[in-house]
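Below, all heavy atoms of this structure are taken into account, side chains as well, without hydrogens, waters or symmetry copies.
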Amino acid sequence: MKTIERAATIAQRWAETAPPTRAAVLTAVADALDAAGPELIPLADAETRLGAARLTGELARTTFQLRLLAAEAAGGSTYDVRIDRADPGWPIGPRPDLRRYRTAIGPVLVFAASNFPFAFSVAGGDTAAAWAAGCPVIVKAHPGHPRLSRRVTDVAQQALGPWAELLGLVEGESGGVAALRHPAIAAAAFTGSVAGGLALARIAAERPVPVPFYGELGSVNPVLVTPAAARARPEELAEGYAGSLTLGGGQFCTNPGLLFIPDTGPLVDLVAERLRALPAVEMLNERIAEGFLTGAERLGAIPGARRVVWPDGLAPRLLELDLTGFLAHPEAAEECFGPLGVVVRYTRFAELAPAVAALPGQLTTTLHAEPDDELLLTELRKVLAARSGRVLWGGWPTGVAVTAAMQHGGPFPATTGPMSTSVGTASIERFLRPVAYQGWPGHLLPEPLRDDNPWGVPQRVSGPVG
């Protein structure tokens with residue numbers, strides 16, 4: 001593929017650019033996308049049905065994260081420089097001069113997502129992270145918004161100027177598979193279904209030279225409500241849950257598909273009341289709509305499941321199970337992409353820790369509790385953290401902040417790489433690899449490792465001076 005080959009020819013030169021240059025390029029792309037917003041947003045709406053308001057916010061998030069990662073690259077901390085000067089008195093024997101840093105892994109293949117046509121697509125977070133790491137990017141366009149993908153590629157390439165080959169686009173399922181198999185591709189990132197992600201992960205692992213595959217696959221993001229919280233604020237919880245469950249038509253990877261509540265109280269009826277008042281949603285495309293209806297029927301057929309809110313078509317739905325029935329049917333914890341919630345009633349709060357521990361890995365887990373509950377929650381906190389990448393106290397998981405401390409990843413099958421995040425500045429780390437130089441003449445070292453530190457990057461230095 002010529003697109004990948006062109007990226008490969010520019011990869012080393014981009015990896016060796018100074019941090020300010022790299023940051024300026026990312027910022028230029030952000031500026032160009034902002035300027036093109038009046039053209040891009042209607043195009044995105046025509047292909048995804050997400051609405052101008054939502055897409056305006058998403059484009060703003062996309063350009064914000066480009067600038068945020070540009071600033072991270074400019075600071076030089078991504079190199080993680082560690083210098084151990086030669087030390088003849090090292091306790092376990094003389095130590096040579098060792099200098100370690102992280103450098104770009106090489107061309108990255110990004111599989112765009114259906115539900116975020118800007119933020120997880122051509123110039124989205126994966127692309128920004130790879131560029132900030134020093135890697136060119138090939139994007140496999142999502143078939144749900146092909147015209148937008150092509151236009152964003154044009155806008156970004158024009159902004160890249162002499163670095164236009166840092167971004168390439170491929171289309172079609174066969175094109176994406178061929179790109180993943182191309183020997184020049186050094187890593188891949190994916191956001192989508194479990195089935196699609198696993199198929200691609202297998203290809204990445206079975207290549208003659210396997211490559212890292214960072215897949216975000218599936219999550220139902222359980223929410224746990226203590227008895228005290230259910231008694232203290234049922235209206236607030238019902239309003240918040242219904243809003244989070246149906247945000248964006250329920251088409252978020254952080255959609256809270258599981259809600260654990262006490263077996264007494266009005267909470268399920270309050271949630272149902274709010275969901276019945278909501279209209280049918282417009283889903284991203286017909287394939288996703290059909291998948292939602294099929295998934296809903298599968299979940300609705302679970303023995304013991306009560307169809308609390310079960311309209312025809314694409315309106316929000318709600319199922320109810322007791323904890324015993326839920327544990328007897330693990331399929332009740334499988335993702336149904338869309339506005340469908342499964343309420344699980346428990347008798348004793350202590351039953352929840354083993355129930356959550358038995359769940360597959362999640363992007364998020366959320367706990368709604370009261371101050372008086374705190375003495376009961378230490379062990380549960382550990383269980384929640386073991387099952388997810390982000391643990392919320394209150395609030396709702398559908399808000400994903402783009403910031404330094406964000407963790408958007410989790411144990412399998414939430415992701416294939418639980419050590420990494422696809423949101424926030426730490427996302428850059430996925431596309432870096434460490435290299436150590438031993439005993440090299442200083443003037444031949446890469447700039448971040450030199451004693452004179454011409455790029456002014458942070459260095460952690462130990463050992464004798466001089």
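Considering only heavy atoms from C-beta on, R381 stays 4.5 Å or farther from L367 through its side chain. No side-chain heavy atom of V308 sits less than 4.5 Å from a side-chain heavy atom of V271. With a 4.5 Å cut-off on side-chain heavy atoms, R6 and P136 do not count as touching. Between L66 and W131 there is a side-chain heavy-atom pair separated by less than 4.5 Å. With contacts defined as side-chain heavy-atom distances shorter than 4.5 Å, the pair L33/L59 qualifies. Inter-residue side-chain proximity for L217 and E335 is flagged as unmet; no heavy-atom pair is nearer than 4.5 Å. A heavy-atom distance below 4.5 Å is found between the side chains of S422 and D126. A 4.5 Å side-chain heavy-atom check between P360 and F412 finds every atom pair outside the cut-off.
No donor-acceptor pair under 3.5 Å is formed between the side chain of Q438 and the backbone N or O of L98. Using modelled atom types, no side-chain atom of E320 and backbone atom of G304 make a donor-acceptor pair closer than 3.5 Å. Side chain of T415 to main chain of G410: a donor-acceptor pair is present (N/O by atom type, distance under 3.5 Å, no hydrogens or angles). With T48 contributing its side chain and A44 its backbone, the two residues share a donor-acceptor pair below 3.5 Å. Using modelled atom types, one side-chain atom of Q65 and one backbone atom of A119 make a donor-acceptor pair closer than 3.5 Å. Distance alone, capped at 3.5 Å, places no donor-acceptor pair between the T153 side chain and the V122 backbone. Formation of a donor-acceptor pair under 3.5 Å by the S219 side chain with backbone atoms of L363 is found in this model. With hydrogens and angles ignored, the 3.5 Å screen pairs a side-chain donor or acceptor of T421 with a backbone N or O of H408. The main-chain N or O of G338 is found under 3.5 Å from a side-chain atom of N255 such that the two form a donor-acceptor pair. The closest donor-acceptor contact from the side chain of T294 to the backbone of G291 lies at 3.5 Å or more, if one exists at all.
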* To do: With side chain to side chain contact (heavy atoms under 4.5 Å, CB included) as the test, would you mind laying out the steps for V152 and F118 before giving the verdict?
  => CA-CA 9 Å; V152 170; F118 291 119; 4.2 Å; yes
* **F337 and N115: CA distance, side-chain angles, deciding distance, side chain to side chain contact (heavy atoms under 4.5 Å, CB included) verdict** => CA-CA 10 Å; F337 192 65; N115 55 338; 3.9 Å; yes
* Do H329 and L299 pass the side chain to side chain contact (heavy atoms under 4.5 Å, CB included) test, and can you show the C-alpha distance, the side-chain angles, and the key distance before you say yes or no? -> CA-CA 10 Å; H329 297 282; L299 290 171; over 6 Å; no
* Evaluate side chain to side chain contact (heavy atoms under 4.5 Å, CB included) for V423 paired with E216, printing each intermediate quantity in order. => CA-CA 11 Å; V423 177; E216 181 192 308; over 6 Å; no
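When all heavy atoms are compared, the tightest approach of S114 to I288 is OG-CD1, 3.7 Å. Residues P107 and A8 share a closest heavy-atom pair of CG-CA, 4.1 Å. The shortest heavy-atom contact between P117 and S121 is O-CB, 3.0 Å. The heavy-atom pair separating P458 from G75 by the smallest distance is CD-O, 3.2 Å. Taking every heavy atom of both residues into account, A301 and R307 meet most closely at N-NH2, 4.0 Å. Taking all atoms of both residues into account, the shortest heavy-atom contact from L275 to A242 is CD2-CB, 3.9 Å.
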Can I get a per-line list of side-chain donor-acceptor pairs under 3.5 Å for residues 177-198, giving both atom names and the distance, sequence neighbours left out?
unit_1: H182; atom_1: ND1; unit_2: A184; atom_2: N; d: 3.0
unit_1: S193; atom_1: OG; unit_2: G196; atom_2: N; d: 3.0

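Salt bridge present: R49 and E286 bring a charged side-chain N and a carboxylate O closer than 4.0 Å. Contact check on R54 versus D45 returns no salt bridge, with no Lys/Arg side-chain nitrogen under 4.0 Å from an Asp/Glu carboxylate oxygen. A salt bridge links R317 to E297: one of the charged nitrogens lies within less than 4.0 Å of a carboxylate oxygen.
Annotation for W393: atom CH2 counts as buried by contact number, over 12 foreign heavy atoms lying within 6.0 Å.
With 3.5 Å as the limit, one finds a donor-acceptor pair spanning the side chains of S77 and E72. No donor-acceptor contact under 3.5 angstrom links the side chains of T364 and T254, judged on distance only.
For A74, the side chain to side chain contact (heavy atoms under 4.5 Å, CB included) partners two or more places apart in sequence, or in a different chain, are A23. Applying the side chain to side chain contact (heavy atoms under 4.5 Å, CB included) rule to E334 yields the partners R298, E331; only residues at least two apart in sequence or on another chain are considered.
The aromatic rings of H145 and H142 sit parallel to each other, their planes meeting at less than 30°, with 60° as the upper class boundary. Classification of the Y79-Y101 ring pair by plane angle, with boundaries at 30° and 60°, yields parallel.
Taking the ring axis of W163 as reference, the NZ or CZ atom of R22 does not stay both within 45° of it and closer than 6.0 Å to the ring centre. The cationic atom of R61 (NZ for Lys, CZ for Arg) lies less than 6.0 Å from the six-membered ring centre of F116 and within 45° of the ring axis.
Here the straight-line distance linking atom CG of L392 with atom OG1 of T365 works out to 7.5 Å at 0.5 Å rounding. Taken from CZ in F431 to OG1 in T103, the straight-line distance is 14.5 Å, to the nearest 0.5 Å. Atoms CG and CG, on D154 and L40 in that order, are 10.0 Å from each other to the nearest 0.5 Å. Remark: L340 CG to T246 OG1 distance equals 12.0 Å, nearest 0.5 Å. Rounded to the nearest 0.5 Å, atoms CZ (R390) and CG (L384) are 13.5 Å apart. L69 CG to T425 OG1: the interatomic distance, rounded to the nearest 0.5 Å, is 6.5 Å.
Tested against P339, the residues L314, L278, V281 include a single side-chain contact (heavy atoms from CB on, under 4.5 Å) partner, V281.
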